[in-house]
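Below is one structure, written out as structure tokens; comments come after it.
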Amino acid sequence: VAVSVSATASHPIPSTLWGQMFEDISSGDGGLYAELLQNRAFQQVTPNTTAALNAWHPVNGATLSVVADTVPVSSALPNSLQVVIPAGKTGPVGVGNEGYWGIKVTAGSTYTASFHYRFPTASAFKGSITVGLQTAIGHSLVSTPVPITAASTAWAQVNVTLRPTASASSTANNFTITLDGAAASGQTVHFALFSLFPPTFKNRPNGMRVDIATTLAEMGPSFFRLPGGNNLVSETVAQRWQWNATVGPLLSRPGRVGDWGYINTDGLGLMDYLNWCEDVGMEAIMAVWSGFALGGTSVAEASLGPYIQQAIDQINFVIGDPAKSSAAALRASLGHAAPFPLTYVEVGNEDFFASSTYTYRWHDFVTALQAEFPNIHFIATSNTFNPILSPNPLQYDVHVYQTPTWFAQNSFFYDGFERNATTYFEGEYAAISTNSSDIFGSPATGRLTFPTMQSSSGEAAFMTGLERNADIVFSASYAPLLNHVANSQWTPNLVSFDAGAVYPSTSYYVQKLFSLNRGDEYLPSTLPNPTGTLFWSVVRKTSTRQIIIKISNTVGTAAPVTFVLPFRTVASTGTAQVYLFPFTTVHDFDVWIPNRC
Ligand SMILES: [NH3+][C@H]1C[C@H](O)[C@@H](O)[C@@H]1CO
């Protein structure tokens, strides 16, 4: 096929086009958020149950239980781990944590460990706690003793650094806290808010796991949608994500029952998200809760006030003036007096599940929020123009999960959209099943566990259409972004990981190719056949005058394509970045440009 390319751009391509969608869906705790200990503060668990001890186990016969402490370490963290050292024990006795399905231990890395302890009964006992990392069979990788005393019943915090001299051969390792069984015989100790951090991305305190963060940053994303997704919305009004419960000292963060079947520590909170965006050079596309819970509750219009105020405070935390807003003053007190960049705020998530109440919820939220923040663009999340909303949304978030074939055959999805000043955020899209009659089914019925070359080339075809329609599509992100392979709530994902490594997918390389090869204007060209198998887009990077052609071949057989460029002076060579099976990554080739006139 011969493709004629126009020298005259049809429209600019917004710098925000390619980015990432994030929510905690086996992706934050135990993943991007670098905390290595699972259930580190016994948040939101029921005391005196086995489940409350999730991820913890006794070492050498200690008696463990999670208790509602009569003197909690903080009001946000009412539960403590009670460790009783039985009489008659010798050697180390205490407790171990298995991490998030493992703990990677690397020689030479500095691990920062901390915990709070108190003796519920004061005594003359003096001893030491050994803080360490050891393999699952008990081989010590590193340990350090810390003196403790039972002189008072007050809480004390221990902070130690651990530097293993050897790497563990696997991630089957435990973090351990032990006392000498003989010396501490009969002692009862309470512990709270444990923490173990490896080095973090850009050494940010309470920051991100380096390998995962680096993999995401290398995509060159322009935006980061947060905090969800279903995990913003939650099953009940009480369980919704609340920004103010996720900022400040970890002692002040109660955590919450997330929407994906596990408790969120909220150690990855709004300030941490914003710092992460700043470290990577992304702008947040931030969502506010919109008065609907997935269990079916819509807050009555007359009762929306406090939730609208909470949204105002959330936005003020990001962009407000510390002199005028307490939420902004809180941001300043946490080290960021200047506002963060913020252009888009999403009102809810997938409110097509509650269209009938979104009419008043959208109206009341946006009327109030737009008055407070005239420069913010608010994104609606119901189906486009259904229901009709007031004020008329100028942005909609469109989600599509479909088959690889659907994506390959719908690269013209936006071509037919009316140009009426409305713009679109393709906030979630992915080919997730080969079964068009059971898209959200299981692997047994066609659901993809990981992306495939077929699904990723279909997505690439669709993405050429997003560039062609970037006059109305301002942002797009694959979803979900991340998952821990040992604890998935949703597949496929763009990047998978376990305790030891990161596994970028075929779709990751497609996203990266588009994101790192951006143009800022679109050059019209001969249109692909909408039901064909070859799809392309041609863009120009005006700063370098580079022409960037993206091509997706959605089938496994080669097809010739010629691009006829309307330029008199064209360099004699270019670079082709090729991603095809069985490559596990993108390969660069020098290309010779023949027939130059
Ligand atoms: N059901 C998807 C739609 C919702 O917005 C996300 O939380 C889910 C996974 O990406």
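Computed over heavy atoms, backbone and side chain alike; hydrogens, waters and symmetry mates excluded. Atoms within each ligand, like the ligands themselves, are counted from 1 in listed order.
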**Item:** Under 3.5 Å side-chain donor-acceptor pair for Glu23 and Trp260
**Value:** yes

**Message:** Taking the basic N atoms (NZ, or NE/NH1/NH2) and the acidic carboxylate oxygens, is any pair closer than 4.0 Å for Arg209 and Asp211?
**Reply:** yes

Starting from the N and O atoms of ligand 1, collect every protein N/O partner closer than 3.5 Å and put each pair on its own line with the distance to 0.1 Å.
from: ligand 1; atom 1: 5 (O); to: Asn349; atom 2: OD1; distance (Å): 3.3
from: ligand 1; atom 1: 5 (O); to: Asn349; atom 2: ND2; distance (Å): 3.0
from: ligand 1; atom 1: 5 (O); to: Glu428; atom 2: OE1; distance (Å): 3.3
from: ligand 1; atom 1: 5 (O); to: Glu428; atom 2: OE2; distance (Å): 2.7
from: ligand 1; atom 1: 7 (O); to: Glu23; atom 2: OE1; distance (Å): 3.3
from: ligand 1; atom 1: 7 (O); to: Glu23; atom 2: OE2; distance (Å): 2.4
from: ligand 1; atom 1: 7 (O); to: Asn230; atom 2: N; distance (Å): 2.7
from: ligand 1; atom 1: 10 (O); to: Tyr401; atom 2: OH; distance (Å): 2.9
from: ligand 1; atom 1: 10 (O); to: Glu428; atom 2: OE1; distance (Å): 3.4

**Asked** What residue pairs, at least two apart or across chains, pass side-chain hydrogen bond (donor to acceptor under 3.5 Å, both in side chains) with a residue in residues 370-391?
**Response** Asp351-Thr381

**Message:** Taking the ring of Phe385 and the ring of Tyr396, is the distance between their centroids below 6.0 Å?
**Reply:** yes

**Message:** Tell me which pairs pass side-chain hydrogen bond (donor to acceptor under 3.5 Å, both in side chains) where either residue lies in residues 261-285, with sequence neighbours left out.
**Reply:** Asp24-Tyr262, Asp29-Thr265, Arg204-Asp279, Asn206-Asp272, Asn231-Asn264, Arg253-Asp272, Arg256-Asn264, Glu278-His336, Glu283-Thr343

**Under the side chain to side chain donor-acceptor pair (under 3.5 Å) test, residues paired with Arg447 that sit two or more places apart** = none

